[in-house]
Amino acid sequence: METQIIELDGLAIEKRLGELSRVLADSVADGAAISFMAPMPYEDAARFWSGDVQRGVAAGRRVLFGAERGGEIVGTVQLLTAMPPNQPHRCEIAKMIVHPQARRLGIGRALMNEALNRARELGKTLVTLDTRTGDAAEPLYASVGFEVAGVIPDFAWDPDGKALHATTYMFRRI
């Protein structure tokens with residue numbers, strides 16, 4: 001089964017809200033540290049996608065890519081392009097999510113490569129991201145050229161609310 005990376009505009013977000021919500025809520029339930037706490041109802045996940053994300057995409061402040069496999073969205077990544085006036089050369093990777101049942105298939109790498117290609121097309125020369133220190137995605141980010149800028153201890157709670165974790169900030173020059 002082949003994976004296709006697609007760009008999702010506002011209309012596509014509405015149309016595929018259920019799939020996007022499933023990827024997000026199921027990933028949080030599986031322990032993904034992506035700013036949300038478990039349990040995360042699908043309704044809350046839908047509000048996330050139809051709120052800030054859809055508005056940001058419509059306003060051109062962010063780009064949303066989806067990984068489609070077997071006709072279903074199984075992963076996403078966002079490229080935040082609206083930076084402060086003194087940082088027009090930079091963008092951020094946000095919410096790189098692969099559904100727990102679709103991991104280890106190269107989907108995360110494909111999503112990251114598409115986001116980096118778009119950053120390059122937009123004339124960006126620096127891409128940043130943050131990730132839970134020691135997370136399974138950290139080696140993926142390093143393998144596509146990201147370097148560690150630093151680690152902040154006790155940055156956020158794990159999704160189960162039982163412990164604080166450190167966050168690693170990373171960057172990549174394009």
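Note that the coordinates shown come from a computational prediction; the quantities given were computed from them, not determined experimentally.
- Side-chain polar atoms of Tyr141 and Asp130 form no donor-acceptor pair below 3.5 angstrom.
- Contact check on Asp30 versus Arg103 returns a salt bridge, with a Lys/Arg side-chain nitrogen under 4.0 Å from an Asp/Glu carboxylate oxygen.
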Under the criterion side chain to side chain contact (heavy atoms under 4.5 Å, CB included), I'd like the reasoning laid out for Thr168 against Met170: C-alpha separation, chi angles, the key distance, then a yes or no.
CA-CA 6 Å; Thr168 300; Met170 303 179 84; 3.9 Å; yes
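- Note that CG of Leu111 and CG of Leu79 are 12.0 Å apart. Values are rounded to the nearest 0.5 Å.
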Show the numbers, then the answer: is there a side chain to side chain contact (heavy atoms under 4.5 Å, CB included) between Ile107 and Val74?
CA-CA 8 Å; Ile107 294 167; Val74 295; 3.7 Å; yes
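- In the model, Arg61 has no side-chain atom that pairs as donor or acceptor with a side-chain atom of Thr81 under 3.5 Å.
- Under the 4.5 Å side-chain criterion, counting only non-hydrogen atoms from C-beta, His89 is not in contact with Lys124.
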Mind running side chain to side chain contact (heavy atoms under 4.5 Å, CB included) on Val53 and Phe48 for me, showing each step along the way?
CA-CA 7 Å; Val53 175; Phe48 167 73; 3.5 Å; yes
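- Electrostatic pairing of Arg173 and Glu147 does not count as a salt bridge here, judged by no charged N lying under 4.0 Å from a carboxylate O.
- A donor-acceptor contact shorter than 3.5 Å is absent between the side chain of Glu114 and the backbone of Ala110.
- Looking at Ile93 and Met112, their side chains come closer than 4.5 Å, going by heavy atoms from C-beta outward.
- Here the CZ atom belonging to Phe155 is positioned 3.5 Å from the OH atom belonging to Tyr169, to the nearest 0.5 angstrom.
- When atom types are taken as modelled, the side chain of Gln4 and the backbone of Glu68 share no donor-acceptor pair closer than 3.5 angstrom.
- If you take CG on Leu20 and OH on Tyr42, they are separated by 12.5 Å, rounding to the nearest 0.5 Å.
- Minimum heavy-atom separation, Asp158 to Met37: O-CE, 3.3 Å.
- Val127 places a side-chain heavy atom less than 4.5 Å from the side chain of Cys91.
- Rounded to the nearest 0.5 angstrom, Ile97 CD1 and Gln78 CD are separated by 7.5 Å.
- Checking side-chain atoms of His165 against main-chain N and O of Ala156 turns up a donor-acceptor pair under 3.5 Å.
- By the 4.5 Å heavy-atom criterion applied to side chains, Trp49 and Leu8 are not counted as neighbours.
- The distance from the CZ atom of Arg90 to the CE atom of Met83 is 5.0 Å, given to the nearest 0.5 Å.
- In this structure, Asp9 contributes its side chain and Ala12 its backbone to a donor-acceptor pair below 3.5 Å.
- With hydrogens and angles ignored, the 3.5 Å screen pairs no side-chain donor or acceptor of Ser21 with any backbone N or O of Gly18.
- Leu64 and Leu17 fall within a single hydrophobic cluster, where Ile, Leu, Val, Met, Phe, Trp and Tyr side chains are chained together by heavy-atom contacts under 4.5 Å.
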Assess whether side chain to side chain contact (heavy atoms under 4.5 Å, CB included) is satisfied between Arg120 and Asn117, documenting all intermediate values.
CA-CA 5 Å; Arg120 190 175 296 109; Asn117 286 338; 2.9 Å; yes
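- For the pair Ala25 and Met40, the tightest heavy-atom approach, listed with the atom from each and the gap, is CB-O, 3.4 Å.
- The shortest side-chain heavy-atom distance between Leu24 and Ile34 falls under the 4.5 Å cut-off.
- For the 3.5 Å distance criterion, the side chains of Arg132 and Thr167 fail to qualify, holding no donor opposite an acceptor.
- The two residues Val28 and Ala38 have their closest heavy-atom pair at CG1-N, 3.8 Å.
- Side-chain contact between Thr3 and Leu105 is absent, with no heavy-atom pair separated by less than 4.5 Å.
- We find the NE2-CG distance between His99 and Asp26 to be 3.5 Å, quoted to the nearest 0.5 Å.
- Counting non-hydrogen atoms of other residues, nucleotides and ligands closer than 6.0 Å to CD of Glu121 gives a total above 12.
- Counting heavy atoms from C-beta on, the side chains of Val77 and Lys95 never come closer than 4.5 Å.
- Ile5 and Leu140 fall within a single hydrophobic cluster, where Ile, Leu, Val, Met, Phe, Trp and Tyr are joined by side-chain heavy atoms under 4.5 Å apart, directly or via other members.
- Within the 4.5 Å cutoff, side-chain heavy atoms of Arg22 are placed close to those of Glu72.
- Taking a cutoff of 4.0 Å between a charged side-chain nitrogen and a carboxylate oxygen, Arg118 and Glu7 qualify as a salt bridge.
- No salt bridge links Arg62 with Glu92; every basic N to acidic carboxylate O contact stays at or beyond 4.0 Å.
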